[in-house]
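Order of appearance sets the numbers: ligands from 1, and atoms from 1 within every ligand. These numbers were taken from a predicted model, which means no experiment stands behind them.
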Amino acid sequence: MRIDLHTHSTASDGTDTPAELVRNAAAAGLDVVALTDHDTTRGHAEAVAALPAGLTLVTGAELSCRVDGVSLHMLAYLFDPDEPALLAERELVRDDRVPRAQGMVAKLNGLGVPVTWEQVLRIAGDGSVGRPHVATALVELGVVPTVSDAFTPEWLADGGRAYVEKHETDPFEAIRLVKAAGGVTVFAHPGAHKRGRTVPEATIAELAAAGLDGIEVDHMDHAPDTRARLRGLAEELGLLVTGSSDYHGSRKTCVLGEYTTDPEVYGEITRRATGAFPVPGTGGA
Ligand code: AMP
Ligand code: ZN
Ligand code: FE
Ligand code: FE
């Protein structure tokens with residue numbers, strides 16, 4: 001069984017539509033794929049409708065969080081998408097992404113970059129708008145060669161010249177909300193220090209004590225020594241260990257199934273979840 005528990009579609013900052021994503025997941029030989037767009041579940045219906053036979057969809061989202069001034073991402077799986085408190089929090093974060101992206105456009109204009117909000121909106125479409133969309137605009141304008149090159153202190157990295165914060169949920173609150181909605185939480189890429197500051201191990205221990213289910217260990221942003229350290233920490237804290245691609249279509253270099261999750265861990269995630277069930281593909285549209 002090949003299981004990839006972290007992917008993005010055009011519902012946020014990926015480049016595959018949800019339908020394309022599930023078809024590509026089947027073509028990549030995956031048995032299970034999770035759709036985890038940033039702060040939104042809006043891609044799920046299309047993914048379910050297009051789901052090929054032999055592929056199972058795990059519904060989820062990647063929630064933007066912040067603790068002690070450090071931004072982090074919390075993967076949430078198989079929660080009830082209609083549960084009002086978690087729904088309201090997702091909407092709060094997602095809606096704040098709009099004035100925040102407009103703020104980054106204004107800062108870029110102040111730096112002499114002629115990017116417009118209309119351009120960013122065209123790139124984001126109806127997806128949850130984020131820095132990768134602004135970064136794509138910078139690539140279009142020839143300011144940087146690739147999306148990744150926009151994530152520097154000069155431009156859009158955390159604290160960078162054109163960076164603007166958005167509302168982000170306290171991760172302890174996120175764990176509580178996801179659990180109350182019947183879901184399971186996995187701390188995404190906790191050691192991805194290339195992206196900015198990461199939370200200390202003591203905080204991961206506190207999150208574990210607060211009900212965190214697992215941590216993502218096998219991820220492109222973790223070097224081998226980081227993975228070894230995180231694996232040890234997970235064992236110590238009794239946390240599940242996952243691996244996943246964090247696929248974003250053509251906006252990142254990783255491919256579907258680049259890293260995968262052990263079937264036993266996947267089984268444990270589905271056993272713990274009560275808010276939603278994995279959806280088996282029936283052929284798709
Ligand atoms: P936002 O949620 O709008 O703050 O944007 C964060 C997203 O930007 C992450 O989820 C990644 O998809 C993307 N990202 C962060 N760092 C990089 C990087 N170095 N290269 C490419 N994409 C990145
Ligand atoms: Zn993303
Ligand atoms: Fe992430
Ligand atoms: Fe992600």
Side-chain angles (χ1 to χ4, degrees), residues 4-16 21 33-40 43 58 60-66 70-77 90 92-105 107-108 120-121 123-124 127-139 144-160 162-169 171 174 185-199 215-222 242-256 258-259:
D4 187 343
L5 292 181
H6 184 168
T7 72
H8 297 269
S9 74
T10 51
S12 66
D13 55 11
T15 58
D16 289 2
L21 182 113
V33 70
L35 179 58
T36 53
D37 277 304
H38 297 286
D39 308 305
T40 185
V58 170
E62 186 175 17
L63 307 176
S64 303
C65 296
R66 184 163 61 230
V70 180
S71 290
L72 66 112
H73 290 168
M74 188 66 75
L75 290 161
Y77 298 116
R90 281 200 306 281
L92 190 65
V93 177
R94 204 168 62 236
D95 291 352
D96 194 50
R97 285 173 164 278
V98 172
R100 180 260 198 156
Q102 290 168 332
M104 292 193 284
V105 167
K107 280 196 168 180
L108 286 164
V120 173
L121 257 193
I123 293 163
S128 173
V129 64
R131 279 183 283 172
H133 300 121
V134 179
T136 299
L138 294 182
V139 173
V144 290
T146 71
V147 165
S148 257
D149 290 305
F151 284 85
T152 60
E154 206 186 350
W155 303 113
L156 301 174
D158 289 8
Y163 176 71
V164 177
E165 274 186 6
K166 61 182 178 298
H167 174 79
E168 295 177 318
T169 309
T185 50
V186 172
F187 188 163
H189 45 75
H193 51 75
K194 269 189 314 195
R195 293 189 183 198
R197 284 170 61 207
T198 56
V199 306
I215 57 176
E216 191 178 53
V217 171
D218 292 312
H219 184 280
M220 67 180 301
D221 290 347
H222 289 162
T242 69
S244 30
S245 66
D246 203 354
Y247 175 75
H248 278 69
S250 61
R251 217 167 253 130
K252 273 197 192 172
T253 54
C254 56
V255 297
L256 282 161
E258 185 164 328
Y259 297 105

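Taking a cutoff of 4.0 Å between a charged side-chain nitrogen and a carboxylate oxygen, Asp158 and Arg195 do not qualify as a salt bridge. In summary, Lys194 and Asp221 engage in a salt bridge, as defined by a charged side-chain N under 4.0 Å from a carboxylate O.
Excluding water, every protein N/O/S atom under 2.8 Å from the Fe ion (ligand 4) is given here by residue and atom: His6 NE2, His8 NE2, Glu62 OE1, Asp246 OD1.
Proximity of Val129 to Val120: side-chain heavy atoms (C-beta onward) are separated by under 4.5 Å at one or more points. The closest side-chain heavy-atom distance from Val58 to Val33 is not below 4.5 Å. The shortest side-chain heavy-atom distance between Lys166 and Arg94 does not fall under the 4.5 Å cut-off. Residues Leu5 and Tyr77 form a side-chain contact, since some pair of their non-hydrogen atoms from C-beta on lies under 4.5 Å apart.
His189 and His6 have parallel rings, their planes meeting at less than 30° on a 0 to 90° scale where 60° marks the start of perpendicular. Classified by interplanar angle (parallel below 30°, tilted 30° to 60°, perpendicular above 60°), the ring pair His8/His38 is parallel.
No side-chain donor-acceptor contact under 3.5 Å links Asp16 and Ser9.
For ligand 1, the protein residues within 4.0 angstrom (heavy atoms only) are Asp13, His38, His73, Arg97, Arg100, Gly130, Arg131, Pro132, Ser148, Phe151, Lys166, Arg195, His248, Lys252.
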